[in-house]
Amino acid sequence: MEKREKKERRIGLPELTNAEKGKVVLRFAPNPNGPLSFGHARGIVINGEYAKEWEGELILRFDDTDTVVKPPLPHAYQQIPEEAAWLLGYTPHRIVIASDQIPHYYHHAEQMLKDGFGYVCRCSGEEFKVFRVDKTECPCRPNDADLNMDLWSKMLDGTFKPGDAVVRVKTDMTLKNPALRDWPALRMQDTANHPHPRKSIGSKYRVWPLLDFQSAVEDQLQGVTHIIRGKDLMDSTRKQKLLYEHFGWTYPETMYWGRVKVHEWGGFSTSQMRRDIEAGLFTGWDDPRLPTLSALKRRGITADALRAFWIELGVTQKDISVPLSALFSHNTKQIDDDAPRLSFIRSPQKFKLTGNHPQSVEVDVHPNHPKMGQRLFELNQPNIWIEAEDAVKGDLRLKGFVDVSLTAETADVQSIERQDQRPIVHWLSEKQSTPATLIVARDGEIMEFVGQMEAHTYPEGTMVQLERIGYGRVLDSTTILFSHS
RNA sequence: GCUCGUAUAGUGUAGUGGCCCAUCAUGAAGGACUCUCAUUCCUUCGACCCGGGUUCAAAUCCCGGUACGAGCACCA
C-alpha cells in the first residue's frame, strides 16, 4: 500500500453519487403560489450547479396541484423562470407544469388500482388516522380492482365530493414508520368554487394528485436521476420508493440538506407573505424587508453572491442558523470593485468654509481604480455639508480636501495638507449636493434617512458605496436603497 | 406517542480509522496600506455534544444518553 497524499480540502459541492457526465437529470420543483424566496434559491443553486458540473439537465417543475390550501399565483408562472435564470446564469433546460400532466397521473392511478397496489378509500381523515395508529387495515383495503375502478369513476365524475374518497397506495399497515402506512396518493378538490388559476385548467379536474404521488410519477416520466431536496422530505422519499417498487421502477439517487434559518428573518412562509402583502403590510413581493429573491435583487444582492453563499453551505443535513452578514460578505466581494463612491450626508449641517482654500477639488470615483474618473467639488460658493454626528467633533479633516476647525457656522480652513490625526469625515459642497433619501430596511422596518447626497448621473440599478456608510443601490437620482455595510 | 435525521471554533464548513495537538471561510482582536468605519494584505484568537465500547490506533465505526430539527395533512 502506498502512502496516501496529504488530504486536500474539498472545494465546491460534494461528488454526486452514481453520476455519469452528460446523463444527469435534476429538478427543482417549487409551488408557484408566490415568487421565489431566499430558501428556494438553495434548491435552484444546488441542483443547478450539479447540472452544470455534470453537463446534465435541470428541470424547473411547477408543483401546482393544490387549488385550495396553497393556490397558485398566475404571475409566478412567468416570474419564477425569470428569477431562476437570473440566479443560475442560464435558462433551465426544461419546464414542466404538473397541472398539464394530470392525464398521466390518472393513467398511473388507474394502473395502480387495476394491479391492486392502490385502492379507493372512503374513510374520513380522522377515521383513517385510527387505523394508521392502530396498525389495522381500513375496510376499503380489500376491495377488488373492479370495485376500485367503479369508485374511481365516481371520484372522476363528481358523484363523490371532496372528502368522500381518496386513492391510497397499498404499502403495509404494520410498517414501523407511521408516515408510510397506506399513504394517500390522490384526492378530490372543489375546483368549482376553487378553480385552478390557470385558465386552461380551471375547473377541468376534480381529482388531483398529492405531492408524493405526483412528484414520484413525474420524476419517472422525466427521467430524473438525482433528487436533492430538504430533509423534511425524507419520509417522502421512503413513500415514493414503495410506490416505485410497485411500478417496478428504480428510484433516483437522493441527497438532502437541513433547515436553514436566517437570524434576521426568522420563520416565514410564502403563504403568509402573500397574505401580508395583500393586507398592505408590505409594498409588494420586492419589499426590501422580505426574504424574496426579488427583494434581495432590488437591494443589490448579486446572483453570484447568492450562488457562492449556498455553495459554501453545501448539502449537509445539519440544521443551521446563519447571519445575513454571511451573504453580505460575499456580496461585498462581488460589488466593491465596481461601486463608485458617493457622499451622502445624513442629518446635514451647513457650514461656511472660511480661510484660504482651493476653489475646487477632485477626488477619485474609486480609490483603487483611478481609471473610473474623478468627482469634482466646487467651492466658489463656499457652503459645505457635514453630518451632525461629525460636526460635534470640532477639528476635522474633510476627506480628500482640507483640515478645518468648526465654529457654530463656519469651517475655518487650517491646512490644505493633512497636519494631524484629526478624524477624517466625508462632506459635500453645497453646489454638488442635492436633497436625497436613503432607504434602509432593518429589523423588519423601513427607515428613511433624508439628507444631502452628492449629485450623480448613475442609472437606476447602479451599486454605489456611500462613503463611511455602506453599499446601496440607486433607485433614482435622489434615492438610494441601502444594501449592507 | 411512533418514526426519521443531525451533532467539528461565535457562525458556516473540510475531514469516511493512522497524514488531525484538525481545513477553509466568515467573525473578533491587532497591524500594514489607504485622506472612508470600504477594499486588499499580514498576525492572533477560537472547535471534534456527553458516556461507554471495538481497535495497536477513533472527529471518523458501534451502543447508550442529551440537545436540536423533521415526518406521521384529503399542503408543497
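A, B, ... follow the sequence lines: proteins, then strands. Residue 1 opens every chain. What you see is a predicted model; the values in this text were computed from it and never measured.
Taking the nucleotide of RNA chain B with the nearest heavy atom to each of A/Asp337 and A/Val402, the more 5' of the two is matched to A/Val402. When each of A/Arg341 and A/Leu313 is assigned the nucleotide of RNA chain B with its nearest heavy atom, A/Leu313 is the one assigned upstream, toward the 5' end.
Set against B/rA76, B/rG12, B/rC35, the side chain of A/Ser321 has B/rG12 as its closest nucleotide. Side-chain atoms of A/Ile424 lie closest to B/rU36 of the nucleotides B/rC75, B/rU39, B/rU36. Between B/rA38, B/rU36, B/rA76, one nucleotide has an atom nearer to the side chain of A/Glu467 than all others, and that is B/rU36. With distances taken from any side-chain atom of A/Asp319 to the nucleotides B/rU11, B/rU36, B/rG69, the minimum falls on B/rG69.
Here the separation of B/rC20 from B/rG27, taken at their P atoms, is 27 Å to the nearest Å. As rounded to the nearest Å, B/rA25 and B/rG15 have C1' atoms that lie 16 Å from one another. Here the separation of B/rC24 from B/rG46, taken at their C1' atoms, is 14 Å to the nearest Å. Rounded to whole Å, the P atom of B/rA59 lies 10 Å from the corresponding atom of B/rC49. B/rC48 sits 12 Å from B/rU11 when the P atoms are compared, rounded to a whole Å. B/rG30 and B/rU23: their C1' atoms are spaced 24 Å apart (whole Å). B/rC50 and B/rC45 have their C1' atoms separated by 26 Å, given to the nearest Å. When the P atom is used for both B/rG18 and B/rA22, the distance is 16 Å, rounded to whole Å.
Salt-bridge check for A/Asp63 with A/Arg61: passed, with a basic side-chain N closer than 4.0 Å to an acidic carboxylate O. Here A/Glu245 does not pair with A/Lys239 in a salt bridge; the nearest charged N to carboxylate O distance is not below 4.0 Å.
Contact check of residues 174-184 of chain A against RNA chain B (heavy atom, cut-off under 4.0 Å) returns A/Lys176, A/Asn177, A/Pro178, A/Ala179, A/Pro184.
Within 4.0 Å (heavy atoms only), A/Gln317 reaches sugar-phosphate atoms of the nucleic acid but no base atom. If you check every strand for non-hydrogen atoms under 4.0 Å, A/Ile320 touches sugar and phosphate atoms only. As judged by a 4.0 angstrom heavy-atom cut-off over every strand, A/Ser271 is placed among residues making no nucleic acid contact. Nucleic acid contact class of A/Ser124 (heavy atoms, under 4.0 Å, all strands): base. A/Asn368 comes within 4.0 angstrom of a nucleotide base, judged by non-hydrogen atoms across all strands. Across all strands, A/Gly314 comes closer than 4.0 Å to no nucleic acid atom at all (heavy-atom distances). A/Tyr256 comes within contact range of no nucleotide atom at all, as no heavy-atom separation falls under 4.0 Å. Across all strands, A/Gly163 comes closer than 4.0 Å to base atoms (heavy-atom distances). Using a 4.0 Å heavy-atom distance criterion, A/Ser215 is classed as making no nucleic acid contact.
Checking each of A/Val207, A/Val68, A/Thr67, A/Ile201 against A/Thr191 for a side-chain contact (heavy atoms from CB on, under 4.5 Å) leaves exactly one that passes, namely A/Thr67.
Listed pair A/Lys231 / B/rG71 fails the phosphate criterion, with no side-chain N or O lying under 4.0 Å from OP1 or OP2. Close to B/rG69, at under 4.0 Å from its OP1 or OP2, lies no side-chain N or O of A/Arg259. Taking 4.0 angstrom as the limit, A/Lys333 places none of its side-chain polar atoms (N or O) nearer than this to OP1 or OP2 of B/rU39. Taking only side-chain nitrogens and oxygens, A/Arg10 comes nearer than 4.0 Å to OP1 or OP2 of B/rA14. At B/rA70, none of the side-chain N or O atoms of A/Arg229 fall inside 4.0 Å of OP1 or OP2 (strictly under the cut-off). Note on A/Thr316: every side-chain N or O is 4.0 Å or more away from OP1 and OP2 of B/rU6. Residue A/Arg187 places at least one side-chain N or O closer than 4.0 Å to OP1 or OP2 of B/rC75.
The CG-P distance, from A/Leu324 to B/rG27, rounds to 14 Å in whole Å. Remark: P of B/rU11 and CG of A/Leu327 are 19 Å apart, rounded to the nearest angstrom. Summarising the geometry, the separation between CD on A/Gln334 and P on B/rU39 is reported as 14 Å, rounded to the nearest angstrom. Rounding to whole angstrom units, NZ of residue A/Lys129 and P of B/rG1 are separated by 15 Å. Taking atom NZ of residue A/Lys135 and atom C1' of nucleotide B/rU3, one finds them 10 Å apart after rounding to whole Å. Distance, A/Phe328 CZ to B/rG27 P: 13 Å, rounded to whole Å. Atom CG in A/Leu36 sits roughly 14 Å away from atom C1' in B/rA76 (whole-Å rounding). In this structure, CG of A/Leu342 is placed 18 Å from P of B/rC37, rounded to the nearest angstrom.
Between the side chain of A/Lys399 and the base of B/rC35 there is no donor-acceptor pair of N/O atoms closer than 3.5 Å. Judged by distance alone with a 3.5 Å cut-off, a donor-acceptor contact links the side chain of A/Gln465 to the base of B/rU36. With hydrogens and angles ignored, a donor-acceptor pair under 3.5 angstrom links the side chain of A/Arg9 to the base of B/rC24.
Legend: residues meeting salt bridge (Lys or Arg N to Asp or Glu O under 4.0 Å) with A/Arg168, ordered by chain and number and at least two apart, are absent. Scored by the side-chain hydrogen bond (donor to acceptor under 3.5 Å, both in side chains) test, A/Asp390 finds A/Lys393, A/Arg468 as partners (sequence neighbours excluded). Partners of A/Arg238 by salt bridge (Lys or Arg N to Asp or Glu O under 4.0 Å), not counting sequence neighbours, listed by chain and number: A/Asp235. Under the rule for a salt bridge (Lys or Arg N to Asp or Glu O under 4.0 Å), A/Asp64 has no partner lying at least two apart in sequence or in another chain.
Because its NZ or CZ atom is not both nearer than 6.0 Å to the ring centre of A/Tyr256 and within 45° of the ring axis, A/Arg229 does not count as a cation-pi partner of that residue.
Between the side chain of A/His40 and the backbone N or O of A/Ser37 there is at least one donor-acceptor pair closer than 3.5 Å. A distance-only check finds a donor-acceptor pair linking the side chain of A/Arg307 to the backbone of A/Leu87 [under 3.5 Å].
Note that SG of A/Cys140 and CZ of A/Phe131 are 7.5 Å apart. Values are rounded to the nearest 0.5 Å.
A stem is defined here as three or more consecutive Watson-Crick or G-U pairs, each with both distances under 3.5 Å; for RNA chain B these stems are B:1-7 with B:66-72, B:10-12 with B:24-26, B:27-32 with B:40-45, B:49-53 with B:61-65.
Applying the 6.0 Å contact sphere to CZ of A/Arg42 captures more than 12 heavy atoms from other residues, nucleotides or ligands. A 6.0 Å sphere centred on NE2 of A/His263 holds no more than 12 heavy atoms belonging to other residues, nucleotides or ligands.
No side-chain donor from either of A/Gln414 and A/Arg397 sits under 3.5 Å from a side-chain acceptor of the other.
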